[in-house]
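Input: a single structure, listed below in structure tokens.
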Amino acid sequence: MIKVWVLVLSFAGSEAMAVPPHNPLRHPPVMKTPPIPLSDFDRAMAAARSDEHQTDQFAASAVDPAIVGKPFSFALPAEQYPGAGRPKYTYENGVLTLDLETGYVRAPVARGKLGLNMMHSILVQESHKMTGRYVGQNAYGATTEVTSFSGKSNALALVTQPAMMLSPSSFDRGLTMLEGTSYWVRLPLEPAAAKTIALDADVVVEGTYTKLGDTDKIVGCEISGGSATISLPVDSFDERCFIGVKVSRIAFVRRSTHEVIKEWTQSETADGPLLWHQVRAGMNRYQLKAVEPSLSEGSYPPLKDQEGHTVNVETDPNHLVTAVQVNYSTSRSARDLLRELTATYGSPVASQCFGSRDYSSCEGEWNGPGGTVVNLSIMNEVTYRLSGSKRPTGVLLGK
């Protein structure tokens, strides 16, 4: 016999039998934070890496050419032990030194050119990390644990910039023939005041984006690294990407108050008077290359004008343009040059010719525009220089 037990639940009152309404707990809607838009610089660096790792040689560049001419401004904090290309501070013998020493990048060269295009650079972003460990073995069977590191950095490649100074150490040693690579200032301060300023100092870098010298490229990347050895068991891989810039201002600034400690400024083409074509007095190497891209990298060798004449750009010990000399020895007679210069600049301050009409040598001096002087030498060389500067060789007037 099977017994069935029935459990009867009894509720007091009919209301107890009603099903309670379903009222789920309502949370306020989640407000999603919109992503921070990438800056022009960040997009350019991403595009540079995309181009660097692109295997399709027919693919279009990822870099937006509209970035050329756009302004930028970066504030970089001074640090105690940074590498080249980053601002730093040092305190010694009661003097605080704030120093931005530029680094270098290997920029692309124009099609058909050989060699390296070394350009000064300023680091904007930098990161390094350990990527792993493994046991390595050399050709003789020796093993050791190897640590791998990788680094990425983004930089500004300085096409033009305010005139740079010798590094503090080079300045102290009187090495005046070196090229300037730094922007720095020294402040005699007590330790407490020096610490306050050092930890509150930024370098502000301002300017516009531009192409890298005489190339059609705006950005570039360089990859470096090293393989592990038994004595140095470290693998490293570093990728540095950069964009061409014309720097108009560099300044050490107090972060908290925006007080300018010291600044360096420059127009895009230098402030000196025009000497020849687009070359102005006072141009530095990179300004000169921007207007005369036929210059070889890293020096001032002769270049050619449109008619094939040899042109020499003369500079002072700070590597700033002081004069331009054009050699007409094989294409113009001395008397023809004298007439052409007189037609262009008016009557000469002084002039004279030697020899017969067909075989003569002439010299002369004319006042040019903007406080410049034009000289014709007895070697058929025409020199464009600043008023008050030394006459070129072969000009004997007034001696």
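Being a predicted model, the structure only gives us computed values, none of them experimental. Any value given below was found using the heavy atoms of this structure, including those in side chains, with hydrogens, waters and symmetry copies removed. For the single chain, residues carry numbers from 1 onward in sequence order.
Between the side chain of Tyr104 and the main chain of Ala84, no donor-acceptor pair closer than 3.5 Å is present. Side-chain atoms of Arg254 never come within 3.5 Å of backbone atoms of Glu259 as a donor-acceptor pair (strictly under, hydrogens ignored).
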Walk me through it: do Arg385 and Glu314 pass the test salt bridge (Lys or Arg N to Asp or Glu O under 4.0 Å)?
CA-CA 9 Å; Arg385 60 185 177 89; Glu314 299 177 2; over 6 Å; no
Show, in sequence, the C-alpha distance, side-chain angles and deciding distance for Arg391 and Glu365, and conclude whether the salt bridge (Lys or Arg N to Asp or Glu O under 4.0 Å) test is met.
CA-CA 9 Å; Arg391 284 193 179 105; Glu365 185 169 292; 2.7 Å; yes
Checking Ser360 against Arg335 for the side-chain hydrogen bond (donor to acceptor under 3.5 Å, both in side chains) test, could you report, in this order, the C-alpha distance in whole Å, the side-chain angles of both residues, the deciding distance, and whether it holds?
CA-CA 7 Å; Ser360 59; Arg335 293 183 185 274; 3.3 Å; yes
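Residues satisfying the salt bridge (Lys or Arg N to Asp or Glu O under 4.0 Å) test with Glu222, not counting sequence neighbours, are Arg106. Partners of Tyr209 according to the ring-ring contact (aromatic ring centres under 6.0 Å, His included) rule, which considers only residues two or more places apart in sequence or in another chain, are Phe72.
Annotation for Pro162 and Val247: closest pair CD-O, 3.5 Å, computed over non-hydrogen atoms. The heavy-atom pair separating Ala78 from Ala198 by the smallest distance is CB-O, 4.3 Å.
When hydrophobic residues (I, L, V, M, F, W, Y) are linked wherever their side-chain heavy atoms come within less than 4.5 Å, the members clustered with Val204 are Val253, Val260.
Gln325 and Thr383 form a side-chain donor-acceptor contact under 3.5 Å, judged by distance and modelled atom types alone. Judged purely by distance below 3.5 Å, without hydrogens or angles, the side chains of Glu239 and His53 pair a donor atom with an acceptor atom. With hydrogens and angles left out, the side-chain atoms of Asp172 and Ser169 include no donor and acceptor closer than 3.5 Å. A donor atom on one side chain and an acceptor atom on the other are found under 3.5 Å apart for Ser61 and Asp51. Under 3.5 Å, the side chains of Thr181 and His120 contain no donor-acceptor pair of N or O atoms. A side-chain donor from one of Asn154 and Arg49 sits under 3.5 Å from a side-chain acceptor of the other.
Side-chain atoms of Val374 and Val382, non-hydrogen and from C-beta on, do get closer than 4.5 Å to each other. Within the 4.5 Å cutoff, side-chain heavy atoms of Asp42 are placed close to those of Gln125. Residues Leu376 and Trp366 have side chains in contact (heavy-atom distance under 4.5 Å, counting atoms from C-beta outward). You'll find the side chain of Leu199 reaches within 4.5 Å of the side chain of Tyr89, heavy atoms only. The closest side-chain heavy-atom distance from Thr97 to Leu187 is not below 4.5 Å. Contact of the Tyr328 side chain with the Val326 side chain is registered, since non-hydrogen atoms from C-beta on lie closer than 4.5 Å. Taking the side chain as every heavy atom from C-beta outward, Pro87 and Glu79 never approach each other to under 4.5 Å. Between Ser182 and Leu100 there is no side-chain heavy-atom pair separated by less than 4.5 Å.
Note: Phe252 and Trp264 have perpendicular aromatic rings, judged against thresholds of 30 and 60 degrees for the angle between ring planes.
Rounding to the nearest 0.5 angstrom, the gap separating the CD atom in Glu101 from the OG atom in Ser170 is 8.5 Å. We find the CE-CG distance between Met119 and Leu156 to be 11.0 Å, quoted to the nearest 0.5 Å.
By the rule that hydrophobic residues join a cluster once side-chain heavy atoms approach within less than 4.5 Å of another member, Val373 and Leu274 end up as members of separate clusters.
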